[in-house]
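The model shown is predicted, which means the values in this text are computed figures rather than measured ones. Numbered from 1 within each chain, the chains take letters A, B, ... in sequence-line order. No hydrogens, no waters, no symmetry mates; every other heavy atom, side chains included, goes into these values.
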Amino acid sequence: MIRRVLVANRGEIAVRIIRTCKEMGLETVAIYSAADRSSLHVRYADRAVCVGRAPALESYLNVDAILGAAHLTEADAIHPGYGFLAENAEFAAECCRWNLHFIGPNPEVIRMMGNKIAAREIAKKAGVPTVPGSEASVLDLVQAEKLCRELGFPILLKAASGGGGRGIRVVDKPDNLARDLATCQREATAAFGEGSIYVEKLIANARHVEVQVLGDQHGHCIHLGERDCSVQRSKQKLLEEAPCVVISDGLRQELFTAALAITRQIGYDNAGTIEFLVDRETEKFYFLEMNTRLQVEHPVTEALTGIDIVEQQIQVAAGAVLALRQEDIQFRGHAIEFRINAEDPAKGFLPNPGQITDAIFPGGPGIRVDTFCHSGSTIPPYYDSLLAKVVAHADTRERALNRLKAALEMTDIKGIATTIPLFFEFLEMYAFQSNQFNVFWVDNLFRGEK
Amino acid sequence: MSLSHKDVAKILEIIDQSHYTEILLEVDDLKLRVSRSKGEESLLTPATTSGIEGANVAAQQTALAVERRTAQAAATATVGSGSGESLQEAVEIRAPLTGRFFRAASPGARPFVEIGMEVKSDDQVCLIEAMKLFHSVSAGVVGTVVAILVENAQVVETGQVLVKISPTTTKR
């Protein structure tokens with residue numbers, strides 16, 4: 001039984017989690033840094049605790065301060081949201097040690113899937129194809145060169161401890177391998193604390209398709225369908241939609257089967273996402289990685305299924321048997337989410353923290369806005385740039401796009417630059433309208449502009 | 001308080017005869033930092049207290065007259081506007097965005113630049129971290145670093161002056 005949830009996050013996701021807790025009659029505790037004193041999640045929660053100074057390392061990543069806050073406020077559960085400590089196995093284990101329900105999977109699967117090389121091994125064991133590449137981390141340049149010759153350029157260098165699109169480097173030709181391998185190892189060591197690297201073949205005409213799964217502590221698991229997240233800039237998702245309409249129903253079922261095989265293989269016991277690359281040329285699919293947490297784009301799935309994923313997370317974390325069966329899940333219509341970031345597309349996506357002087361968000365049937373922003377709110381430079389997610393849901397993709405366009409026209413954020421103009425451009429582009437793009441589409445659009 | 005060209009010349013003369021490699025003077029709102037070291041890590045941290053601070057005693061007497069031009073430029077930049085017009089005007093490197101200012105690639109790493117260091121146009125002078133992304137700021141000019149105006153890890157606003165560089169005049 002969970003009564004009081006500490007939300008170990010900030011921004012739109014903290015607000016979103018608090019909303020479900022309130023609906024469920026649960027008390028909420030917000031944590032905040034000195035830079036977020038008047039942020040919306042602090043105002044919405046029943047109680048709030050300052051856990052440190054503005055830099056995330058001193059506050060939202062400060063495990064001791066957060067556990068201390070949970071103890072002081074007598075919280076009995078911690079929801080980590082996404083980012084920060086969400087995929088930190090040690091944090092999850094500490095929560096368990098202090099008898100707090102960690103609203104996420106058990107620490108062991110976080111650890112397993114956190115290492116991307118180990119995750120590939122698990123996928124293979126579950127009979128799921130992985131992108132052709134190295135079996136283990138590449139030890140040296142000689143080994144890397146041999147492997148790359150076999151795979152053929154271009155290839156990807158990936159940090160074993162990376163994820164979420166970070167720690168990845170494209171190598172176009174053999175001449176660059178030595179330099180890029182050294183850079184990649186150095187960056188991975190700086191960013192993730194260890195520098196092991198593996199090699200993957202680059203699949204040029206690929207779509208990023210992921211499957212939302214839900215498991216409980218009693219061995220049950222279901223999927224909540226797929227999401228297409230192929231519109232990415234520098235490996236960061238800009239918009240997501242569901243269903244993925246460019247794949248056949250047969251392939252879709254194969255993805256679901258593969259996702260559930262991995263979920264079962266590891267005894268996954270909360271909400272998670274299994275990411276795949278789908279090669280448009282061959283219609284083959286490959287396991288990429290698993291995100292052992294709530295995903296930014298989960299509202300797209302909630303729109304199609306009518307299921308509150310955070311509510312399911314809380315229930316299974318408390319030990320309940322999954323109340324949903326696969327045959328209960330219905331998928332209705334099409335949903336698209338645009339991420340409004342504090343970045344200026346006209347200036348190479350330069351981050352744009354500052355004060356929002358005026359903010360008007362859209363509404364109406366089929367429109368959902370998840371945000372922490374309002375007129376007068378300050379967007380600090382310390383955290384990520386996501387301001388709001390605008391999600392449109394309608395019968396078809398075309399209608400969802402029309403709805404989203406109308407919604408964006410009724411959105412007005414003043415004071416800081418946002419990515420809204422970019423979405424107006426996408427909406428006018430044939431490639432986007434006709435759904436004919438791949439994961440490199442946006443990067444190619446902006447290539448040469450810099 | 002203002003400082004004349006004559007004052008600067010006098011100070012340089014004093015330093016030339018001393019065995020200090022770096023001197024920092026702070027009187028009211030005036031900061032004067034003079035260094036003869038070139039590319040070496042500064043042993044002085046930017047002063048936060050008022051008054052006059054001493055410098056490290058370095059055993060570098062042999063290198064005495066070396067960086068006269070550097071020291072002169074350093075004095076110019078920190079003197080500020082209105083004085084020293086006969087000296088080369090320093091170029092101000094401004095923050096392209098709001099974020100945290102970092103002098104080195106990682107904690108404990110050697111700073112990208114130190115006062116007195118000569119830089120090329122594409123040399124990196126600092127990093128600005130905003131919203132989990134690091135932006136490299138380059139010198140944009142060939143010259144000598146004469147002032148670093150922000151403390152490490154502080155938040156800077158767009159347009160704020162970070163570093164001053166005295167451009168090297170090309171011989172004709």
Carefully, step by step, assess A:Ile17 and A:Asn9 under the rule side chain to side chain contact (heavy atoms under 4.5 Å, CB included).
-> CA-CA 9 Å; A:Ile17 294 163; A:Asn9 216 298; 5.5 Å; no
So which part of B:Ser106 gets closer than 4.5 Å to some heavy atom of chain A, the side chain, the backbone, both or neither?
-> neither
Which atoms of A:Asn352 come close to chain B, meaning under 4.5 Å heavy atom to heavy atom: side chain ones, backbone ones, both, or neither?
-> backbone
Which one, A:Leu386, A:Leu350, A:Asn341, leads in non-hydrogen pairs under 4.5 Å with chain B?
-> A:Leu350
When the 4.5 angstrom heavy-atom criterion is applied to A:Ala54 and chain B, the contacting part is neither
Report yes if the distance between the aromatic ring centroids of A:Trp441 and A:Phe426 is under 6.0 Å, otherwise no.
-> yes
Indicate yes or no for a side-chain donor-acceptor contact from A:Asp36 to the backbone of A:Tyr32 under 3.5 Å, with no hydrogens or angles considered.
-> no
Taking 4.0 angstrom as the limit, do A:Lys235 and A:Glu289 come out as a salt bridge?
-> no
Answer key: most heavy-atom pairs under 4.5 Å with chain B among A:Pro353, A:Pro351, A:Ala56 is A:Pro351
May I ask you to say whether A:Arg339 pairs ionically with A:Glu297, meaning some side-chain N is under 4.0 Å from a carboxylate O?
-> yes
